[in-house]
Amino acid sequence: VCDRSSIGWQQVMESRFYLYPVHTSKTFLLNKTLSSALYLILLRFLNRDYVGAMRQIESCYVDTDFTPEEQWVFAQFERTIDDRHPDAHAC
């Protein structure tokens, strides 16, 4: 989804990929970092999986400033602004 060859990606990302362990119930993915959670939300949103994105959003909260990596991933949500679906606006 994101251009991993972009300079912005390479400058802020600690890793060029995220690994998501599968919960033992095999019903959902686990997030080890906030940036990986934000990226998974972004992927679900871009895939128009609004219910999955909203479930993930409800489990994300932070009380500190974003790291540069988290800021970069969060900025990618700008790509979803043109989504006119009512569920997209609900998210």
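Here S35 contributes atom OG and E70 contributes atom CD; the two are 5.5 Å apart, rounded to the nearest 0.5 Å. We find the CG-CG distance between L42 and L46 to be 4.5 Å, quoted to the nearest 0.5 Å. Considering NZ of K32 and CG of L19, their distance stands at 8.5 Å, rounded to 0.5 Å. With values rounded to the nearest 0.5 angstrom, D49 atom CG is found 12.5 Å from M54 atom CE. From L30, atom CG reaches atom OH of Y20 across 11.5 Å, with rounding to the nearest 0.5 Å. Annotation: the span from S59 atom OG to I41 atom CD1 amounts to 6.5 Å, rounded to 0.5 Å.
F77 and L38 make their closest contact through CZ-O, 3.6 Å (heavy atoms, listed as atom of the first residue, atom of the second, distance). The shortest non-hydrogen separation linking Y18 to S36 is CD2-CB, 3.5 Å. Across all their heavy atoms, L34 and C60 have their closest contact at CD1-SG, 4.2 Å.
Not one N or O on the side chain of Y39 forms a donor-acceptor pair closer than 3.5 Å with the backbone of F74.
With a 4.5 Å cut-off on side-chain heavy atoms, Q56 and L40 count as touching.
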